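Heavy atoms only: backbone and side chains are in, while hydrogens, waters and symmetry mates are out. Residue numbers run from 1 in the order of the sequence given. A quick note: this is a predicted structure, and the numbers were derived from the prediction, not measured.
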Amino acid sequence: QLQLVESGGGLVQPGGSLRLSCAASGASMDYYAVGWFRQAPGKERELMSCISSNGGSINYASYADSVKGRFTISRDNAQNTVYLQMNNLKPDDTAVYYCAAGPRTKLQAMCVRMDYWGKGTLVTVSS
């Protein structure tokens with residue numbers, strides 16, 4: 001019953017920034033691991049970042065090498081929303097960005113099997 005809606009995509013110049021939002025309804029995102037994925041034309045879908053918790057207040061976050069140091073994932077439980085702050089954007093970041101939710105499991109398994117998906121938001125990085 002969880003529904004996810006992405007927003008915040010658009011056209012941005014190289015070196016610019018965007019903040020993507022993933023708003024959830026129907027259930028609390030705190031019960032799930034939430035990941036941000038992207039798929040560029042002609043490429044496979046890529047997991048960029050994953051965030052989860054240990055069932056309490058401690059959060060775990062991971063990043064793909066391609067975005068580490070530039071992207072930051074965060075959550076606002078009160079708003080039931082997960083964000084992806086993207087800085088120093090590059091043309092290679094151009095893709096459709098998706099958020100997804102899956103089981104909160106061991107670190108090695110989180111954000112591998114995702115059960116709920118948004119429809120995506122397009123990010124275009126170009127001058």
Quiz item: Mind checking what makes side-chain contact (heavy atoms from CB on, under 4.5 Å) contact with S17, not counting sequence neighbours?
Solution: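 S17 satisfies side-chain contact (heavy atoms from CB on, under 4.5 Å) with Q85, N87 only.
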
Quiz item: Considering residues at least two apart in sequence or located in another chain, which fulfil the side-chain contact (heavy atoms from CB on, under 4.5 Å) criterion with S28?
Solution: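 S28 satisfies side-chain contact (heavy atoms from CB on, under 4.5 Å) with D30, Y31, N80 only.
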
Do you know the tightest heavy-atom contact between [X] and [Y]?
X    : Y    : answer
Q79  : T81  : O-OG1, 2.9 Å
M110 : P103 : CG-O, 4.4 Å
A24  : L2   : CB-CD1, 3.8 Å
A61  : I73  : CB-CG2, 3.9 Å

Going hydrophobic residue to hydrophobic residue with side-chain gaps under 4.5 angstrom, can you get from [X] over to [Y]?
X    : Y    : value
F37  : Y63  : no
L84  : V34  : yes
M114 : M29  : no
L4   : V123 : yes

Quiz item: Got a sec, which hydrophobics cluster with V112, joining ILVMFWY side chains under 4.5 Å apart, including via others?
Solution: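 Via sub-4.5 Å side-chain contacts, V112 links to none.
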
Is any side-chain heavy atom of [X] less than 4.5 Å from a side-chain heavy atom of [Y]?
X   : Y    : result
L20 : T121 : yes
L11 : S126 : yes
Y83 : D76  : yes

Self-check item: Residue among D93, L89, T94, T124 satisfying side-chain contact (heavy atoms from CB on, under 4.5 Å) with V12
Solution: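 Exactly one option meets the side-chain contact (heavy atoms from CB on, under 4.5 Å) with V12, and it is L89.
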
Exercise. Can you label the angle between the F71 ring and the Y97 ring as parallel, tilted or perpendicular, going by 30° and 60°?
Key: tilted

Quiz item: Is a side-chain donor or acceptor of R70 paired with a backbone partner of N88 at a separation under 3.5 angstrom?
Solution: yes

For residues 41-51, run the donor-acceptor check on the side chains, cut-off 3.5 Å, and write out each pair with its distance to 0.1 Å, sequence neighbours left out.
from: E46; atom 1: OE1; to: R38; atom 2: NE; distance (Å): 3.0
from: E46; atom 1: OE1; to: R38; atom 2: NH2; distance (Å): 3.4
from: E46; atom 1: OE2; to: S66; atom 2: OG; distance (Å): 2.8
from: S49; atom 1: OG; to: S62; atom 2: O; distance (Å): 3.0

Quiz prompt | Pairs meeting criterion ring-ring contact (aromatic ring centres under 6.0 Å, His included) with involvement of residues 4-23, two or more places apart | solution =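 Listed once each, the pairs would be none.
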
Quiz item: Looking at residues at least two apart in the chain, or sitting in another chain, which of them share a ring-ring contact (aromatic ring centres under 6.0 Å, His included) with Y32?
Solution: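 With neighbours one apart ignored, the set is Y116.
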
Quiz item: Yes or no on side-chain contact (heavy atoms from CB on, under 4.5 Å) for V67 and W36, after CA distance, side-chain angles and deciding distance?
Solution: CA-CA 11 Å; V67 305; W36 281 100; over 6 Å; no

